[in-house]
Amino acid sequence: MKKVLALVLSVLMVLSLAACGGDDKAKETKAPETKKEETKPAETKAPETKAESQAAETKAPEGGAAVGGGEMIKGEGKKIGVLIRTFSDTYTSTVRSFMEQYLTEAGCEFEVVDANDSQATQNEQLESFLSKGVDGIICQTVNVSASADILSKCKDAGVPILFFNHQPDDLSIIAAEDTTIFIGTDSPEAGYMQADLFMKFWDEEKYDRNKDGVVQCVVFQGSPESQEAFDRSQFCIEGAEDEGYKFEKLEDNYLCNWDSTLAQEAMTAFLGTHEDEIEVVFCNNDSMAEGVVAALNAVGYNTGVEGDPEVLVFGVDATDAGVALIDAGKMQGTVKQDGDAMAKTNVQIMLRLCNGMTKAEAAADYGMEIFAGDQASIRIPYAAYTK
């Protein structure tokens, strides 16, 4: 029976929460050298939830409602261009589907295009939208470093732009403009929630295979430049370390570009060198978690059959495939990234910008606030999911 893990933040967090980077180079296809970390000794008692306390202390936004409560306005006659990094990403496809639904319901004319993970292609698509005289652009950048150039072109054309999901590398350029916002999530929160999921499931008797009191783990990172990927990779471990757990990374954070196939290939290689050691796998998204589970299944692990060997696996996004793996007992948990709320917020904020509102006015009119910490973003909260 499904249930949402009770990781609901405090009222302050719900009203103020701030989303698919670490290493600069992708790893070789072979397994990298082992990297160990010195941390605190492990505690045997189950710790309290970490996402709420830690995120509230240091990482939580200071403004921004969880979901908009304002009027769903119409956009008849408005032409909106939507730039998508790649249609092949599962979470992005969910957002895209909802976005098309809400744009249709609003009566907009719109076009949604696939950059196929090519920034050059996305640049051409942007130029095409601007030449067609669109009223607004919603953009998930391929490379976050391209955000400044994209913003400059939209500004010169007098067209408002929203960036979503992939946080621009410099939010100060967003803060300086009245018709530009980044709509995303509080990315450290996803890492902390994965840490909480780990602490919920960790049982030394069952999962500490070598009985050394240290958690041997692997982290699959989505992208080398994504702030979301970096934060998820960092805080999934730090959140538990802060509660006294000790970790040993058997591999450096492994870059798989959010991709299931790449994660399966990497996990297969890791099982060849660490099969008797791996106890926990943290993945930045559910697609990579799917690949990890497939590799584990191939050697008889995580079958969902009582008594078969098991490695703890955690993802992010709560995709249909990820939830199915959890319900089948092949994966332990994920962190839901609300694609519906992401799409609806983008559409409703964009329509308000197209009607001449500033970003602060648009956010307030939709029942949200600009995050006080950067004056550039609206943050949509996560929620944990487990069986």
Side-chain angles (χ1 to χ4, degrees), residues 1-10 13-14 17-20 46-55 60 66-67 89-95 97-98 165 184-203 207 217 219-220 222 228-229 231-233 235-237 239-240 258 260 263 280-294 296 302 304 310-345 379-387:
M1 177 179 177
K2 299 180 181 177
K3 64 177 182 179
V4 176
L5 180 66
L7 289 177
V8 181
L9 303 178
S10 62
M13 284 293 296
V14 172
L17 282 172
C20 346
E48 297 178 356
T49 298
K50 188 64 185 174
E52 180 176 354
S53 60
Q54 187 70 21
V67 290
D89 180 76
T90 304
Y91 170 72
T92 300
S93 293
T94 300
V95 177
S97 178
F98 279 117
N165 186 236
T185 54
D186 177 23
S187 52
E189 182 194 3
Y192 285 123
M193 284 190 171
Q194 280 194 327
D196 287 338
L197 285 167
F198 157 77
M199 292 186 288
K200 172 184 172 64
F201 281 94
W202 180 251
D203 180 337
Y207 295 112
C217 71
V219 178
F220 284 84
E228 286 85 357
D231 288 340
R232 293 174 190 180
S233 300
F235 296 110
C236 64
I237 291 178
W258 314 101
S260 176
V280 180
V281 180
F282 295 103
C283 299
N284 283 178
N285 74 343
D286 283 350
S287 290
M288 292 188 294
E290 287 178 57
V292 167
V293 170
L296 287 166
N302 291 49
E310 185 178 56
V311 169
L312 295 176
V313 179
F314 303 104
V316 176
D317 285 340
T319 62
D320 290 344
V323 167
L325 288 175
I326 293 169
D327 292 345
K330 297 183 177 184
M331 174 177 158
Q332 283 65 43
T334 187
V335 179
K336 181 180 180 181
Q337 190 172 205
D338 195 338
D340 186 344
M342 178 71 71
K344 185 184 294 185
T345 302
R379 305 287 176 166
I380 296 171
Y382 295 100
Y385 179 90
T386 187
K387 187 174 180 180

What class does the angle between the rings of Phe314 and Phe198 fall in, given that below 30° is parallel, 30 to 60° is tilted and above 60° is perpendicular? perpendicular
Qualifying residues under side-chain contact (heavy atoms from CB on, under 4.5 Å), relative to Thr94, sequence neighbours excluded: Phe98
After noting the C-alpha distance and the side-chain angles of Asn284 and Ser233, does the key distance pass the side-chain hydrogen bond (donor to acceptor under 3.5 Å, both in side chains) rule? CA-CA 7 Å; Asn284 283 178; Ser233 300; 3.2 Å; yes
Under a 4.5 Å cut-off applied to non-hydrogen side-chain atoms, are Asp327 and Tyr385 in contact? yes
One should read off an interatomic distance between Thr92 OG1 and Met342 CE, to the nearest 0.5 angstrom, of 9.5 Å
Side chains of Asp317 and Lys336, heavy atoms from C-beta outward: is any pair under 4.5 Å? no
From CG (Leu296) to CE (Met331), nearest 0.5 Å: 11.5 Å
Between Met288 and Ala263, what is the shortest heavy-atom contact and its length? O-CB, 3.4 Å
For Ala195 and Ala240 the tightest heavy-atom approach is CB-N, 3.6 Å
Just verifying a value: how many Å separate Arg232 CZ and Tyr382 OH, rounded to the nearest 0.5 Å? 4.0 Å
Closest heavy-atom pair, Ala289 versus Gly315, reported as atoms and distance to 0.1 Å, is CB-CA, 4.3 Å
Distance col, row Ser287:OG vs Phe220:CZ, nearest 0.5 angstrom, shows 13.5 Å
Are side-chain heavy atoms of Val316 and Gln194 found at a separation under 4.5 Å? yes
Donor-acceptor check, side chain of Glu310 to backbone of Asn302, threshold 3.5 angstrom: yes or no? no
Under a 3.5 Å threshold, yes or no: a donor from one side chain and an acceptor from the other, between Asp231 and Tyr192? no
List the steps and the verdict of side-chain contact (heavy atoms from CB on, under 4.5 Å) for Ile326 and Gln332. CA-CA 6 Å; Ile326 293 169; Gln332 283 65 43; over 6 Å; no
Approximate separation, where rounding is to 0.5 Å, of Thr386 OG1 and Asp196 CG: 12.0 Å
Does Asp286 reach the main-chain N or O of Ala318 with its side chain, forming a donor-acceptor pair under 3.5 Å? yes
Would you say the side chain of Trp202 lies within less than 4.5 Å of the side chain of Val280, judging by non-hydrogen atoms? yes
Any side-chain heavy atom of Asn285 sitting closer than 4.5 Å to one from Gln337? no
Can you tell me how far the OG1 atom of Thr319 sits from the CG atom of Leu325, to the nearest 0.5 Å? 8.0 Å
Grab the two heavy atoms, one from Val95 and one from Gly339, that are nearest each other, plus how far apart they are. CG2-CA, 3.8 Å
